[in-house]
Amino acid sequence: MMAYLKLDHIDKSFARGGQVSEVLKDIRLTIDKGEFVSIIGHSGCGKSTLLNLIAGLTKVSAGAVLLEDKEVDSPGPERAVVFQNHSLLPWLTVYENIKLAVSKVFGRTKSKAERHDWIMRNLDLVQMAHARDKRPAEISGGMKQRVGIARALAMEPKILLLDEPFGALDALTRAHLQDAVMDIHSRLGSTTIMITHDVDEAVLLSDRIVMMTNGPAATIGEVLAVPLDRPRRRIELASDRTFLRCREAVLKFLYERHRFVEAAE
Amino acid sequence: MSIQAIKDSKVKAFPAPAKPAEIVAFTARTRRRFDPASIASKLASALVPPVVVIAIMLVVWQIACSSPNASLPPPGQVWNEAYDLIAHPFFDNGPQDIGLAWRVLISLQRVAIGFGLAAVVGVALGALVGQSVWAMRGLDPVFQILRTVPPLAWLPLSLAAFRDSSPSAIFVIFITSIWPVIINTAVGVRNIPEDYRNVARILRLNQFEFFVKIMVPAAAPYIFTGLRIGIGLSWLAIVAAEMLTGGVGIGFFIWDAWNSSRLPDIIVALAYIGVTGFCLDRLVAAVGAFVTRGTTAK
């Protein structure tokens, strides 16, 4: 089968003041349609850079990102990003933030009433319809992130890119949002790539976990398949053998084989 | 963090002992909009101090200028001699004999045109300078030099160019008030968070959509700071420009009063100018606060 998303021998280096620093080296990965893939690694290993490359926000130095066999070199709504700090526009209400995306993406193909229904459906999906007229400053961090997810989903993306989406949230809110993301993924079957540094989160949500080595010139160290049935429930999984085995494998990779070296920074 | 499987029988969660529910009385939020007592006390605390200060100033002024050989008129004399100007701001007795409110309005009309142009052109140029590194490198030094030129230094040149006093005065206002608008807009645009730009790029907003939907609202607090400085400068400039170009504005009125030695009239006109400038500043600040609501809060 043809790969849905293919990262084909990607290198990325940044040039600053005559010095070239190699961030990513020879990244090869294929992702199938509907798959949920997490990318995990220590901070500074270039996982956010990798996500930006897939989003098209930064350009690859060598190699290519191929989505359905077409090269990606600029950002677009078919690769929607949920940013770590939500990036909602503070002068727009929740509804208007999503409307901005929907009007741009579906301005020609959907009628005004259809667009309204579509906005409300996405708000319902993240259970935020009640706050449609609030501004981002008036809602909590978890709610902002929900709206950020709704905005990304409203673009009807081929790939949903999550950049440490729960990193800034407290543990309980994070668990709620993880459940929400699992629920949405099972309902929509959206192909999803998530950056994270949380081992449990990666195992709980993913079909596969991509583990990155430390930079400079980071690359994919290992890819771990998580053979857990869906729907997954965090309480049951807490004592599940497969879950614990996967968790251990990731921990071993991160803390034994590719320990974070402070001096390398 | 994960919920670890706890198989150890020693670890056991005990249900919290049931406590009788406490009744917490909510103090109902006062819904009444009009509370005469509190409004009166707020007004008093805002009004009494400036009134006292002004009263003291008037008394000092009266005493200082009471001697027969004083060069400036005391407030009592101002009140008596310029009573017409104070009490009837809207009289109209022919082309050069009109109330001060009319004169202020005529000056304001010039300010409105000059400042309005400066706001539009200033925001556009500021957006360009903030957005493009090359535009900044090329234009910023020019702006930095031109903005230090005093308003009236432009007047002879603009009189030569326009050959008429009214457009010259408007041009002076324009050229005086445009610099803070440009510079503040540019800073605001440069400070637009990278995330907003990324959102725009993912949505593939075109230049125009980006300008209207992201750039202007994101930079609005800075833009209004610039506009507020700009309106203050243009009010300064119009009075000075009118003193030189003539016409019926408030500036020329002062010059005219000076030439016919009507000092009390000048003092009344100064009060008009001050109050008008204050109102203009507050007006722009209020519009800014309304337009940028929500933007500054994160």
Side-chain angles (χ1 to χ4, degrees), chain A residues 52 55-58 74-93 96-97 99-105 107 134-138 144 148 151-152 154-155 157 161 163 171-172 174-175 198-201 203-204 234-241 243-244 247, chain B residues 1-13 29 123 127 133 184-185 188-189 191-225 227 286-298:
Chain A
N52 284 342
L57 291 168
T58 28
S74 65
E78 81 280 358
R79 280 160 286 122
V81 182
V82 176
F83 298 92
Q84 180 173 10
N85 54 350
H86 65 78
S87 303
L88 299 175
L89 303 177
W91 55 88
L92 299 179
T93 63
E96 288 163 345
N97 261 291
K99 189 178 163 202
L100 179 70
V102 171
S103 311
K104 184 65 193 170
V105 178
K134 292 231 163 80
R135 283 171 203 282
E138 299 167 325
K144 282 179 210 162
R151 178 174 64 183
M155 300 175 202
L161 302 170
D163 187 3
L172 289 174
R174 191 187 302 181
D198 182 330
V199 177
D200 293 288
E201 180 172 284
V203 179
L204 179 67
R234 64 178 66 239
I235 309 277
E236 291 165 17
L237 287 180
S239 55
D240 185 285
R241 265 215 195 141
F243 180 87
L244 292 174
R247 194 167 170 271
Chain B
M1 262 204 274
S2 81
I3 302 156
Q4 287 284 358
I6 300 160
K7 291 275 161 68
D8 197 332
S9 60
K10 280 180 202 156
V11 184
K12 211 173 157 192
R29 221 177 12 183
V123 169
V133 177
N184 281 281
T185 305
V189 169
N191 281 340
I192 295 175
E194 199 55 36
D195 282 342
Y196 299 172
R197 293 181 187 277
N198 283 342
V199 169
R201 288 174 67 196
I202 285 169
L203 288 174
R204 292 204 181 121
L205 298 183
N206 59 39
Q207 289 285 321
F208 176 73
E209 288 168 323
F210 180 70
F211 178 76
V212 172
K213 291 182 174 164
I214 311 274
M215 203 192 276
V216 170
Y222 291 88
I223 293 175
F224 273 95
T225 305
L227 290 177
V287 172
F290 176 75
V291 172
T292 60
R293 67 199 186 286
T295 316
T296 40
K298 272 255 163 154

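The chains referred to below are lettered A, B, ... by the order of the sequence lines, with proteins before strands, and numbering in each begins at 1. FYI, side chains are in, hydrogens and waters are out, and symmetry mates aren't considered; it's all heavy atoms of this structure. Worth saying up front: this structure is predicted, and the values here are computed from it rather than measured.
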_If you compare all heavy atoms of A:F83 against all heavy atoms of B:I202, which two are closest, and at what distance to 0.1 Å?_
CZ-CD1, 3.8 Å

*Please name the pair of heavy atoms, one in A:S74 and one in B:R204, separated by the smallest distance, quoted to 0.1 Å.*
OG-NH2, 4.1 Å

*Part of A:E78 lying under 4.5 Å from any heavy atom of chain B*: side chain

*Do you know which of A:N52, A:N85, A:V105, A:L237 has the most heavy-atom pairs with chain B at a distance under 4.5 angstrom?*
A:N85

*asked:* Could you measure the distance from the NZ atom of B:K213 to the OG atom of A:S103? Nearest 0.5 Å is fine.
replied: 6.0 Å

*chain B contact via A:L204 - which portion, at a heavy-atom distance below 4.5 Å*: neither

*What part of A:V81 lies closer than 4.5 angstrom to a heavy atom of chain B: side chain, backbone, both or neither?*
both

_Rounded distance (nearest 0.5 Å) linking atom CG of B:N198 with atom OG1 of A:T58_ = 9.0 Å

*asked:* Show the nearest heavy-atom pair for residues B:L205 and A:K104, with the distance to one decimal.
replied: CD2-CD, 3.8 Å

*Just how far is it from atom CG of B:L203 to atom CE of A:M155, taken to the nearest 0.5 Å?*
4.5 Å

*If you round to the nearest 0.5 Å, how far is CG of B:D195 from CG of A:D163?*
9.0 Å

*So which heavy atom on B:Y196 is nearest to which on A:P90, and how close?*
OH-CD, 3.1 Å

*Contact part of A:A55 toward chain B, heavy-atom cut-off under 4.5 Å: side chain, backbone, both or neither?*
neither

*Atom group of A:R151 that falls short of 4.5 Å from chain B, counting heavy atoms*: side chain

